[in-house]
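Beneath this line is the structure, given in structure tokens, with notes to follow.
Labels below follow one simple rule: chain letters A, B, ... track the order of the sequence lines, proteins then strands, and each chain is numbered from 1.
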There are 2 protein chains.
Amino acid sequence: MANRPQARTDVNRSAILARLGAHGPASRADLARALNVSPALMTQLTKDLLSEGLLRELEHSPSQGGRPARMLGLMSTAGRAIGVKVVADHVAFVDVGIDGTVVRSASEPFDASASTFLADLTGLLRRFVAGGGSAPLLGVGVGVPGSVDRQANGLVDSTQMGWRQVPLGSTLQRELNLPVIVENNVNALAIAERLYGVGRLHENFLVVTIGTGIGAGIMVDGVVLRGSGGGAGEVGHIPVEVDGPLCTCGNHGCLESIIGEAALVRLGRGRGVIGEHSGIAALRGAADSGNAEATRIFSEAGHVLGRTLAGIVHTLDPEIVIVLGEGTAAWSHWSFGFEPAFRSSLIPSRRGVAVAVETWQDESWAQGAAALVLATPFDAEDMAGDQGRLVRERLVEQAFPQAGAGA
Amino acid sequence: MANRPQARTDVNRSAILARLGAHGPASRADLARALNVSPALMTQLTKDLLSEGLLRELEHSPSQGGRPARMLGLMSTAGRAIGVKVVADHVAFVDVGIDGTVVRSASEPFDASASTFLADLTGLLRRFVAGGGSAPLLGVGVGVPGSVDRQANGLVDSTQMGWRQVPLGSTLQRELNLPVIVENNVNALAIAERLYGVGRLHENFLVVTIGTGIGAGIMVDGVVLRGSGGGAGEVGHIPVEVDGPLCTCGNHGCLESIIGEAALVRLGRGRGVIGEHSGIAALRGAADSGNAEATRIFSEAGHVLGRTLAGIVHTLDPEIVIVLGEGTAAWSHWSFGFEPAFRSSLIPSRRGVAVAVETWQDESWAQGAAALVLATPFDAEDMAGDQGRLVRERLVEQAFPQAGAGA
DNA sequence: ACCTCTTTGTTCAGAACTAAACAAAGAATA
DNA sequence: TATTCTTTGTTTAGTTCTGAACAAAGAGGT
């Protein structure tokens, strides 16, 4: 009895799965190099995973100069994760496979300022989870606009939603009985970019979101920079203009108070471009149809953003800057001011920094949150802490639902 | 024959030595916790190191609630490192013991713009090395104002000294036949702060130097943030003022062009506070003796620095900001503008960030460079790469100068 | 004085991993 | 076509490290 393969180190096992999920099929040799272990060990680990049905051997074999590689791929039934994007007035859910593909999604109204918001959110999430597919659910990732304490206990501070020290993570864990990983939404986006987007090719990059607020996710050597209190990336409150407009944070002249959505709308109304009750869509429409004052508003915003980002680039030296968020819908107008200001504010040796602009949807934010769960196996026990361990456990348990199945 | 203890993993061995050097004596249990290995292994490793004469057991035993700890200390003869600070017009050397104490120091004139600067520097360094003590020399750390390529090969770009792609590291290695680690001087200071200064208590902090230039060293989770090209921390070129004064980088309105030493002196002359041929010392003197215009110049500089640093704090969320450099001699005048500007530009939750001002000497910069060598064993093979391995080797060889000494 | 609790440090079996040799399978080359 | 080279993947032997049990040495209470 007890011929159970004595579960190898879970970290390595799940790192293999996560790697395959994020980067697609790979050979044993590739994996050994990527995860920095010996080929010998990789043979062992993959043998186990194959016999457990988590991996499968693909016939495919490229062959380039030497023995052709036998590619390994994930069994798509190995697991899935749920991602949640929480904002002030609604919640978006996605259910993604272990390979990052969206299986299912939904969006529900939600009032973050209601006194029952925690129970409301739990209920909505519980309903979405209940409608799930057959693959085992590894965990839930939640992206929120605000800062989250380091250990991903899920203690949330959010000025945007009026939350102070809300125990979002622990509450959801208890209620749902699932691993829950809570993270700032821009950081979640940065992780998604690292796994599935432009960031796959870069270890050091900056994700900047423009929209209601201005935020940044900072990726350094492949991991998110959180700072001492989980509050890194609050670039929306970089002081830009002395005695500038009042910001939601109480200060004057923050970046966000000048180029945030509210500020642009206010300018549009003030300069008579749009009506007193029109919003950002109208302003963008005006610019699209050639209104000079409207394009100027966006271009000026681009100018301010360009100068400020140049400063951040000098501070952090990223390989690439990725601009995201609802605001990118009007990027063609922003860029008019952004490009010259950004380039001319950089020191010569840094002037070649790439800038990529992407238009992601609401769903993408939630996908970023799901990526938190799928990415946890990567972080060496540190970041996601307890919840990360739980995700790993579920990923491994999956092979041996009960006790050891005899030979 | 061959009863040689079969040298255990060098990384762990030298990590123990480096840890003891940086933090003073510690018990085996302390070390095991700090270096994240099992107590069992620590027993093994320290047994070897003790028998090799690199460590010694201290009688001292605090005892607090349980069995009293047997402290371990370094044999001060285990090794030493040389630190070099290179600037445009001179070079400073220090010779420090493995515990970070300065044994010997020197300063020599040097012309970074001479065509023979590489040979000159080699010669000066060779002479200083020759005058060394008895402890084995582990390596040489060099701090330069400029950016150094990632692998610490020592390829230097420095606008301040007019160097482009100077192979400083490889040249010195070849000529001196010693491990050489080259690093940006502010980063070196940050490492020194981490080992010996305020940074011992913090994993996330910012070192800001004010003087000729303005620079920053960024410590994240205990390691220096270098960025993609080793150019992180160039905060001197953050754009501050549209159409501001011309900067050495060719742009206008960089932070450095407004509050760098040259800018302050120019203001002082322009406003008639000091003569056309007086320098920063005269300006500081004027402020010290109460000249209102002089104090205003420093205070305005403090104001600009405060606002800009607030932006960096929002971006990185450090626990503490440490201000250093020659400029701190006049800090009492800077702070008049700095404090209110800094605090009022921070979002409420960040307003408590600590600021420490230290006045370090030329020698401290060189000590920071030496710290590079003593700190290498910490970085897990990554940063200092080849040179780090060499330092480790020398630290280990030291116990077995030749082949295995019989029983 | 005696028991319990806490912390340090050691020993030993066994797990996790690596290094090195080798087998497999094709490309490049003569 | 045979030879060499390159890369993948496996096997085996051995090293590094951990976990768990235990001994040592004191503090704190009863």
Side-chain angles (χ1 to χ4, degrees), chain A residues 2-16 19-20 25-51 55-73 377 380-381 389 392 396 404, chain B residues 2-16 19-20 25-51 55-73 377 380-381 389 392 396 404:
Chain A
N3 72 341
R4 202 151 93 178
Q6 266 308 36
R8 310 251 167 204
T9 63
D10 300 351
V11 169
N12 273 332
R13 289 167 56 92
S14 47
I16 292 172
R19 172 86 196 177
L20 289 175
S27 71
R28 283 165 246 255
D30 287 339
L31 288 170
R33 278 188 295 264
L35 303 182
N36 213 29
V37 298
S38 64
L41 179 59
M42 193 49 67
T43 295
Q44 299 274 50
L45 294 172
T46 52
K47 192 194 293 175
D48 291 357
L49 289 170
L50 280 165
S51 77
L55 254 47
R56 66 178 202 278
E57 257 183 342
L58 308 176
E59 311 290 345
H60 199 229
S61 335
S63 153
Q64 204 87 304
R67 169 174 170 175
R70 191 66 154 280
M71 305 301 268
L72 298 174
E381 204 80 16
R389 194 176 41 67
R392 273 191 286 278
V396 172
Chain B
N3 72 341
R4 199 153 96 179
Q6 266 308 33
R8 310 249 168 207
T9 63
D10 299 352
V11 169
N12 274 333
R13 289 167 55 92
S14 47
I16 293 172
R19 172 84 197 180
L20 289 175
S27 71
R28 283 164 247 255
D30 287 339
L31 288 171
R33 279 188 294 265
L35 304 181
N36 212 30
V37 296
S38 64
L41 179 59
M42 191 51 67
T43 296
Q44 299 274 47
L45 294 172
T46 52
K47 191 193 294 176
D48 291 356
L49 290 169
L50 281 165
S51 76
L55 253 47
R56 68 178 200 277
E57 255 182 345
L58 307 177
E59 310 291 342
H60 198 229
S61 334
S63 152
Q64 207 88 303
R67 169 175 170 176
R70 191 64 155 282
M71 305 301 268
L72 298 174
E381 204 80 18
R389 195 177 40 69
R392 274 190 286 277
V396 172

Under 3.5 Å, which protein N or O atoms sit close to an N or O of nucleotides 27-30 of chain C? Give each pair with its distance.
none

Atom pairs, N/O to N/O, protein against nucleotides 9-11 of chain C, distance under 3.5 Å?
unit_1: C:dG9; atom_1: OP1; unit_2: B:Arg70; atom_2: N; d: 2.6
unit_1: C:dG9; atom_1: OP1; unit_2: B:Arg70; atom_2: O; d: 3.2
unit_1: C:dG9; atom_1: OP2; unit_2: B:Arg28; atom_2: N; d: 3.2
unit_1: C:dG9; atom_1: OP2; unit_2: B:Ala29; atom_2: N; d: 3.1
unit_1: C:dT10; atom_1: OP2; unit_2: B:Thr43; atom_2: OG1; d: 3.0

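- Listed by first and then second residue, the side chain to side chain donor-acceptor pair (under 3.5 Å) pairs involving residues 34-43 of chain B amount to none (not counting sequence neighbours).
- The side chain of B:Val37 lies closest to D:dT18, out of D:dT8, D:dT18, C:dT8.
- With sequence neighbours left out, B:Pro39 forms a side chain to side chain contact (heavy atoms under 4.5 Å, CB included) with no residue at all.
- Summarising the geometry, the separation between CG on A:Asp48 and C1' on D:dT10 is reported as 14 Å, rounded to the nearest angstrom.
- To the nearest 0.5 Å, atoms CE (B:Met71) and CG (B:Leu31) are separated by 9.0 Å.
- Legend: residues meeting side chain to side chain contact (heavy atoms under 4.5 Å, CB included) with B:Arg56, ordered by chain and number and at least two apart, are B:Leu58, B:Met75.
- In this structure, CD1 on B:Ile16 lies 4.5 Å from CG on B:Leu45, to the nearest 0.5 angstrom.
- The list of salt bridge (Lys or Arg N to Asp or Glu O under 4.0 Å) pairs with a residue in residues 33-44 of chain A, not counting sequence neighbours, reads A:Asp30-A:Arg33.
- The closest side-chain heavy-atom distance from A:Lys47 to A:Arg28 is not below 4.5 Å.
- To the nearest 0.5 Å, the span separating CZ on B:Arg19 from CG on B:Leu72 amounts to 13.0 Å.
- Between the C1' atom of D:dT16 and the CD1 atom of B:Ile16 lies a distance of 14 Å, rounded to the nearest Å.
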